[in-house]
There are 2 protein chains.
Amino acid sequence: MKSIRITNRCPIRTTLELVGGKWKLLILFQLMEKPLRLSELKKQIPDISEKMLIQELKTLVESGLAIRRNFGEVPPRVEYSLTDTGRAVLPLIEEMRHFALFYEEKMVKKG
Amino acid sequence: MKSIRITNRCPIRTTLELVGGKWKLLILFQLMEKPLRLSELKKQIPDISEKMLIQELKTLVESGLAIRRNFGEVPPRVEYSLTDTGRAVLPLIEEMRHFALFYEEKMVKKG
DNA sequence: CAGGATCCTTTACGATACTG
DNA sequence: CAGTATCGTAAAGGATCCTG
């Protein structure tokens with residue numbers, strides 16, 4: 001545990017850069033089950049703006065967490081899926097859920 | 001797993017609100033080992049501004065993750081420690097480290 | 001349908017000076 | 001030493017219009 005040092009490039013910061021922010025984890029989670037088109041993602045995450053969705057998808061692709069597949073059809077059809085590395089964030093998401101539940105239970109008890 | 005729905009208050013969002021951002025996880029991690037004074041925290045996280053450190057500590061206290069203890073001495077002595085709930089983020093941090101290492105290994109192989 | 005371009009607001013973050 | 005107050009910048013996020 002003490003092997004984490006807070007330097008310019010520590011594991012916490014690396015992960016924050018990859019999946020930090022308001023949307024990336026939500027997007028990755030949606031793609032866990034199966035590949036989705038842009039319009040499908042929009043429905044699953046209703047309150048994201050189109051701009052942010054496209055922008056975040058682009059960075060996820062660039063950092064190697066997601067894959068963009070263009071079917072080259074008309075009308076356009078594009079599908080987003082996860083790489084192995086993208087799938088590797090699932091345990092992190094599960095841990096976040098676990099923490100959230102723990103937190104809420106604690107806080108309900110204490111008021 | 002599919003019990004996570006992307007609504008206004010899903011576990012991912014709850015956790016992001018509690019420990020999201022650039023600094024909170026780094027601060028919490030520093031406090032895992034033992035309570036620290038403000039000046040000690042500043043040394044451990046050299047590139048955080050004083051303003052952010054105090055501000056983030058305040059929100060961590062308000063959300064029940066950290067505790068502020070004022071010794072009432074002169075010169076001032078204040079110590080920050082973790083609540084049980086604050087300690088509960090350790091698995092999350094460990095998972096982040098695990099992911100970062102996995103990511104870096106993958107990316108080194110692929111170039 | 002997917003997404004580029006533009007403009008705008010809001011929030012996060014930071015530097016510095018000051019106080020008991 | 002532990003903060004507060006103020007000011008400024010940078011980044012994140014969002015609304016809208018436009019295009020192949």
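Chain letters run A, B, ... following the sequence lines, proteins first and then strands; every chain starts at 1. Bear in mind that the values here come from a model prediction, so they are computed numbers and not experimental data.
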Can you tell me the distance, in whole Å, between the CD atom of A:Glu56 and the P atom of C:dG3? 14 Å
Does CZ belonging to A:Arg87 count more than 12 external heavy atoms closer than 6.0 Å? yes
How many Å lie between CG on B:Leu36 and P on D:dA2, as a whole number? 11 Å
B:Leu53 atom CG is separated from D:dC1 atom P, nearest whole Å, by 14 Å
Can you tell me how far C1' of C:dC1 sits from NZ of A:Lys42, to the nearest Å? 8 Å
Can you tell me how far P of D:dG14 sits from CD of A:Glu50, to the nearest Å? 13 Å
What's the CG-C1' distance between A:Asp47 and D:dG13, to the nearest Å? 12 Å
Residue-phosphate contact under 4.0 Å: B:Arg77 side-chain N/O, D:dA2 OP1/OP2: no
Determine the contact category for B:Phe71: base if any of its heavy atoms lies under 4.0 Å from a base atom, sugar-phosphate if only primed atoms, P, OP1 or OP2 are that close, otherwise nothing. nothing
Please determine whether a side-chain nitrogen of the Lys or Arg among B:Arg97 and B:Glu94 lies less than 4.0 Å from a carboxylate oxygen of the Asp or Glu. yes
A:Tyr80, nearest nucleotide to its side chain (from D:dG3, D:dG14, C:dG3): C:dG3
Students often get this wrong, so: under 4.0 angstrom with heavy atoms, is A:Gln55 touching a base, only sugar-phosphate, or nothing? nothing
So what does B:Lys58 hit on the nucleic acid, given a heavy-atom distance under 4.0 Å: a base, only sugar-phosphate, or nothing? sugar-phosphate
Atom NZ of A:Lys22 and atom C1' of C:dT10 are separated, to the nearest Å, by 10 Å
Could you state the atom-to-atom distance from CG of A:Leu41 to C1' of C:dG3 in whole Å? 14 Å
With the side chain of A:Ser39 defined as its heavy atoms from C-beta on, choose the nearest nucleotide among D:dT4, C:dA2, C:dG14. C:dA2
Establish, with yes or no, whether the OP1 or OP2 oxygen of C:dA2 is under 4.0 angstrom from a side-chain nitrogen or oxygen of A:Arg37. yes
List the steps, then state whether side chain to side chain contact (heavy atoms under 4.5 Å, CB included) holds for A:Thr85 with B:Met107. CA-CA 9 Å; A:Thr85 315; B:Met107 292 306 134; 3.8 Å; yes
Is there a donor-acceptor pair closer than 3.5 Å between any side-chain N or O of A:Tyr103 and the backbone N or O of B:Gly64? no
Closest nucleotide among D:dG14, C:dC1, C:dG14 to the B:Lys51 side chain: C:dG14
Side-chain (A:Thr14) to main-chain (B:Ala100) donor-acceptor, under 3.5 angstrom: no
Between B:Arg68 and D:dG3, is there a contact of a side-chain N or O with OP1 or OP2 at under 4.0 Å? yes
Would you kindly compare A:Pro76 and A:Met52 by the position of their nearest DNA chain D nucleotide and give the one closer to the 5′ end? A:Met52
